[in-house]
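Each remark here refers to the structure printed beneath this line.
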Amino acid sequence: MPKYGKLPDPLTLEAEILQFWEQATIPKKSLSRNEKNRAKKRFVFYEGPPTANDKPHFGHLIPRVYKDLFPRYKLMQGYHVIKKGGWDTHGLPVELKVEKELGLNSKREIEAFGVEAFVNKCKENVWKFKSEWERFDPRMGFWYDQEHAYITYTNEYIESVWWALKKIWEKGLLYKGHKVLPYCPRCGTPLSSHEVAQGYETTQDPSIFLKFKARDLQDTHFLVWTTTPWTVPSNVALAVGPSYTYAKVQVGSEIFILAHELISQVLGTEHYEIVGTVRGADLVGMRYEPPYRLSDAPGAYRVVAADFVSLEEGTGIVHIAPAFGEEDYQVGQAEGLPFVNPVDLEGKFTMAFPLAAGQFVKDADAVIIHDLKHRGLLYKSGTYKHEYPFCWRCKTPLLYYALDSYFIRTTAKQNEIIENNKQIHWHPEHFRDGRFGNFLETMKDWALSRDRYWGTPLPLWVCEQCQREHCVGSRQELIDLALDKEKARTVEFHRPWIDEILLRCSCGGTMRRVLYVIDCWFDSGMMHTAQWHYPFENQELFAEQFPADFIAEGLDQTRGWFYSLLVTSTLLYEEKPYPHPYRHVVVTGMGLDESGKKMSKSLGNVLDPWDVVNVYGADAVRWFFYSGSAPWRDRRLDPKDIVETRGVLETVRNVYSFFALYAGIDHFDPARHTVSERALLDRWILSRLQYAISEITRALDEYEPVAATQAIATFVDELSNWYVRNSRARFWGSSWTPDKISAFATLYEVLLALAKLLAPFVPFLAEAIYQNLKTDQMPESVHLCDWPQANDKLRDEGLEAQMKLARQIVTAGLQARNKAQIKVRQPLALAVVLSTRPPLDPEYQQLIRQELNVKQLTWLSQDQPFAFYTPQFEYEKSALGKDLRSLAPKAVHILEELNKAEHEKRVQLVQELKAQHKLRLTIEGQEIELPEGTHIRVVLQPREGYVEGSEADMKVLLDTRIDDALRQEGLVREFVRLVQECRKEAGFEVSDRIELYYEADPEVQTALEKFAQHVQEETLAVTLQRNSSFERVEFTKELDVNGRRAKIGLIRKR
RNA sequence: GGGUCUAUAGCUCAGUGGUAGAGCGCGCGCCUGAUAAGCGCGAGGUCGGAAGUUCGAUUCUUCCUAGACCCA
């Protein structure tokens, strides 16, 4: 027999369930339950690895709720799922934390501290918050196999990454280049484009207009705009658009050259005069005096043509500093311009520019502006607000810097990558061709190398003698080539140890490793392979677990993990059919605060997930996300919204509580009490359940959690507000009639199915309900159950349609009662349904009568409305006035009188009107005709004593007349309700029998005597007696029964 | 400057080429043998603005405005 226990409050409930899961090792059993199916039914999930060196925050929660939902669902469906966890452990984020901890501020200081000690610290730091995560995930019901989680810093993982790099190298796609790259001067390393993408921020920079004196013209200056004053010393050229028109503008005694189109924008209200125009092409070759002359190369300081010059802002003349801009660099290469760089790798000016030597470039802006102003070279200055990239971790502004770096030639495989992406199912779909697709279209080579310490070492060795380069792809290869093979056998694949391994070159020389580590996004992007240490181990596992069916991460990973997975996979597995390495990707939105701002630590508006979970519980938080909006929408996270959305869960608890209460009292045994025939309501709710199952299943298959939760909510509403509401009395019966068994068995089955349907969404509540309903023959946890399958045999759409109509009739009827201000407890004689649909079967009518509390229900054809409706004439005053002129007021009067006439007379007139489409009137001897439609029309009003309600396409009329008999019944029903309230107030159990004593107004007394049996049945009163003495009673109360006085006393029978 | 997305009730959000929806909040009721629960009704909307396609546009198209994210 099931337990039918009470459900404690959500927090206690979740604590109990957590304990149960742990004791019974349910998560483990869940993940292994489909081992037998793994050959044919697999659902492959990849974990996007978090970095464990920080606490989990609310933003992490969003992808994680979905990463839990879908695998749970698939597990219940019998799919084999490996939910292998993973940790991202390398890279700048970790190094920065450690630097901070150790108080180090530059690479020099790290070197001084010792690379070995530093790297050891990094490795340690990675695990600093691991326990936080391991506590948080289970609390939320997020189940992972953390025991076998992949860790990107292990030798095995790195070996797989090396294998990949070697394959890429062998394809000739790994090369060393000299390019202008976004560079973080604080971290001392260039960043890849997807890292840069993480760090754009709105910032205010200086905006200055400079005068560059033309060498061969009197008092003439090129007007140049820049937002980076610190690059001015490195200027070697000016660029113009050859096809643009430039103007020579006289301002005071000076002449400025700038784009014609931009004159007013730049000069504003200043008084000026255009003294000539010239095409850009004609400016090319002109010489000018640079503000700072750091080069004496003959080709420097002249005007060149460039196609990237725009007329959107500035002056149409662009200052060129090849050391600090990609486009500048290219122009410099093409034009043979000198390369001037007075800035060192820490972003500080060197002695080559004494004015600001030793200063960080951004700090030098002010010095330079001041100097230029002092020398009369500044036309005007201001500030400029724009988006500028900052280091995504340390927030230092990035500098565009010409540097040596290793690249992966991703552009060589761009078409393949795009083709692969086209086959991926993105959720939402528009990401594929939109945001992500666009990124692929404008893809650049992957700047792979980092001048740092803690990361996967770039496995390239270069011969000191012949400069030959070799890429090592495995430990075995390292051992084979190493000078010290013993050392190579055990060396850890990290700096500084790996740097000590020297290789023998084929020329006989010694090879040293280049000192770079690689971008940690390459690490995590390789998890599809490296998590299995493939190809060195786990060949079968890899074959089985590639590609993933499903991944989910935040949309900030578009250019991060989504990209690195796709690129590495496409490059490595050219022979595998697309798509890989993931088939479905769910992009999740950002977490915003109450005011719609992105949650971030710097804004201080981050919600601690513990604060939320400890108050509302994990189920409520999960449901909030699933039901609130599509995964990819940004979410405002206001804790009070979580309370609002959990209403559905409360209803589920209520329905369960109702069932458990009576199932417990009556010892309902699902094994013993078998159903012979299902009652109408039972067949209905089972039919609706089949519908709900198919809807929820479809929605989950299509990765639409909102639709799934809506289907659940609809079903729960139907279950609670129609099925249970109308079935309550069936659960109270004293003997096991077939109808009672049918009710119990049905609700039992429905709740059991509902628990399973809820399991992936709210695993705690689902488990609690299941535990109270399960028999010994059933699996020990709801999470080890099979996902329900819709049974078409139980579906009856005809029945559903009928029931829907019945519900609509009830709604309309209740609306009418509301209008008439007659409460439902007061029985009424008649309700009339006006509908084009045929009358419902008696069973439905019974339900409707019960809900509307009417004695009789009849159906009226809409063609014959006059039994209950009376017609009224409405008229169009303006039309009457126009046609009848002075007769119009009289016509109105007649019509008003007609509206007061006898019902039969009016019906007769209406029938005439309908036949002839006009109404004939005689006014002062004159016969006039009023056409229907333009002048008059007929409206129907309920006849006296009737009130109308409507819903959808039908109407319901209520006869509101209450005769003595009805009034008596109303009194009795009111009396019964008051007694029930007293039972509760007295603290009796619902099944306690009572003795009931009363004294009351004569009218109430008469009614009670007449309906004594009914009262006793309803209140479980073994006796009902008039009694003026209440000495013995346990509970007594004065009552107001519809305005009449009564007093009752109760005694509980034991 | 470019791209993508978003704009629907006071709030949070569904949805649709044919009379606009839910939850919460608000007002008024109701019901109660689920009992500190539950239900109904009502108020509240130019479906961001403009134009176009269409018999009909909140829905499709274009433009504009605002916001978010991304890119430059």
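What you see is a predicted model; the values in this text were computed from it and never measured. Computation of the quantities below employed the complete heavy-atom set of this structure, encompassing side-chain atoms and omitting hydrogens, waters and symmetry-equivalent molecules.
- Base pairing annotation: rC13(B) forms a Watson-Crick or G-U wobble pair with rG21(B), both donor-acceptor distances under 3.5 Å.
- Closest to the side chain of Val824(A), out of rC30(B), rA34(B), rA14(B), is rC30(B).
- Between the P atoms of rG25(B) and rA37(B), the separation comes to 11 Å (whole Å).
- Here the side chain of Ser629(A) is nearest to one of rA34(B), rA72(B), rA14(B), namely rA14(B).
- Closest-nucleotide positions on RNA chain B for Glu981(A) and Leu814(A) were compared, and the one nearer the 5' end corresponds to Glu981(A).
- Across every strand in view, rG52(B) sits in a pair with rC60(B) that passes the Watson-Crick or G-U test at under 3.5 angstrom.
- Regarding Ile994(A), its CD1 atom lies at a distance of 12 Å from the P atom of rG33(B), rounded to whole Å.
- For Arg983(A) and rA34(B), the CZ to P distance is 11 Å, given to the nearest whole Å.
- OP1 or OP2 of rC31(B) sits under 4.0 Å from a side-chain N or O of Arg825(A).
- Residue Phe436(A) is classed as having no contact, given no heavy-atom separation below 4.0 Å to the nucleic acid.
- Counting distance only, with no hydrogens placed and no angle test, the side-chain atoms of Ser657(A) and the base atoms of rA37(B) include no donor-acceptor pair under 3.5 Å.
- Note on Asn818(A): a base of the nucleic acid sits closer than 4.0 angstrom, heavy atoms only.
- Applying the 4.0 Å criterion to OP1 and OP2 of rU4(B), one finds that Asn438(A) has every side-chain N and O outside that range.
- Comment: Glu974(A) engages Arg977(A) in a salt bridge, judged by a side-chain N to carboxylate O separation of less than 4.0 angstrom.
- Using atom P as the reference point in both rG15(B) and rU8(B), the two lie 14 Å apart (nearest Å).
- Across rG44(B) and rC24(B), the matching C1' atoms stand 14 Å from one another, rounded to whole Å.
- With hydrogens and angles ignored, no donor-acceptor pair closer than 3.5 Å exists between the side chain of Arg817(A) and the base of rC30(B).
- When the nucleotides rC69(B), rA37(B), rC41(B) are ranked by their closest atom to the side chain of Asn654(A), rA37(B) comes out on top.
- Judged purely by atom type and a 3.5 angstrom limit, Gln826(A) uses its side chain to pair as donor or acceptor with the backbone of Leu966(A).
- Between Arg725(A) and rG38(B) there is no side-chain polar atom (N or O) within less than 4.0 angstrom of OP1 or OP2.
- Of the candidate nucleotides rA34(B), rC69(B), rA14(B), rC69(B) has the atom nearest to the side chain of Arg435(A).
- Using atom C1' as the reference point in both rU59(B) and rU16(B), the two lie 6 Å apart (nearest Å).
- Going from the C1' atom of rU58(B) to that of rU46(B) covers 10 Å, rounded to whole Å.
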*Step by step, would you call Arg698(A) with Glu695(A) a salt bridge (charged side-chain N to carboxylate O under 4.0 Å, His left out)?*
CA-CA 5 Å; Arg698(A) 182 198 60 75; Glu695(A) 273 301 291; 3.5 Å; yes

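- Residue contacts for Gln821(A): at a heavy-atom cut-off of 4.0 Å it reaches no nucleic acid atom on any strand shown.
- Rounding to whole angstrom units, CG of residue Asp634(A) and C1' of rC5(B) are separated by 9 Å.
- rG44(B) is unpaired under the criterion used here, namely a Watson-Crick or G-U wobble arrangement in which both key atom distances are under 3.5 Å.
- Distance from the side chain of Leu555(A) is smallest for rC69(B) among the nucleotides rC69(B), rA72(B), rC5(B).
- Electrostatic pairing of Arg730(A) and Asp682(A) counts as a salt bridge here, judged by a charged N lying under 4.0 Å from a carboxylate O.
- Using a 4.0 Å heavy-atom criterion, one finds that Thr442(A) contacts no nucleic acid atom at all.
- Using a 4.0 Å heavy-atom cutoff across all strands shown, Lys823(A) reaches sugar-phosphate atoms only and no base atom.
- Between Phe624(A) atom CZ and rC13(B) atom P the separation is 8 Å, expressed in whole Å.
- Leu1050(A) approaches Arg983(A) most closely through the heavy-atom pair CD1-N, 3.9 Å.
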_Derivation and outcome, salt bridge (charged side-chain N to carboxylate O under 4.0 Å, His left out), residues Glu1018(A) and Arg973(A)_ = CA-CA 9 Å; Glu1018(A) 288 293 312; Arg973(A) 198 154 159 188; over 6 Å; no

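- Rounded to a whole Å, the NZ atom of Lys984(A) is 13 Å from the P atom of rG38(B).
- Checking Glu1017(A) against Arg633(A), the closest nucleotide of RNA chain B that is more toward the 5' end is the one next to Arg633(A).
- Between Trp446(A) and Tyr563(A), the angle of the ring planes lies from 30° to 60°, which puts this pair in the tilted group.
- If you check every strand for non-hydrogen atoms under 4.0 Å, Ala707(A) touches nothing.
- For Val655(A), whose side chain is taken as the heavy atoms from C-beta onward, the closest listed nucleotide among rG33(B), rA34(B), rC31(B) is rA34(B).
- Judged by Watson-Crick or G-U wobble contacts below 3.5 Å, the nucleotide rC31(B) has no partner.
- In the set rA72(B), rA14(B), rC31(B), the nucleotide with an atom closest to the side chain of Arg973(A) is rC31(B).
- Pairing for rC5(B) goes to rG67(B), judged as Watson-Crick or G-U wobble with the two contacts each under 3.5 Å.
- Between Asp9(A) atom CG and rA36(B) atom C1' the separation is 14 Å, expressed in whole Å.
- We find that CZ of Arg559(A) is positioned 14 Å from P of rG3(B), with the value rounded to whole Å.
- You'll find that the side chain of His430(A) is closest to rC5(B), out of rG33(B), rC5(B), rG40(B).
- When the P atom of rU4(B) is taken as reference, atom CD of Gln557(A) falls 22 Å away, rounded to whole Å.
- Proximity note for Asp717(A) (side chain, C-beta onward) versus rA14(B), rA34(B), rC39(B): the nearest is rC39(B).
- In this structure a side-chain-to-backbone donor-acceptor pair under 3.5 Å is missing from Thr12(A) to Pro8(A).
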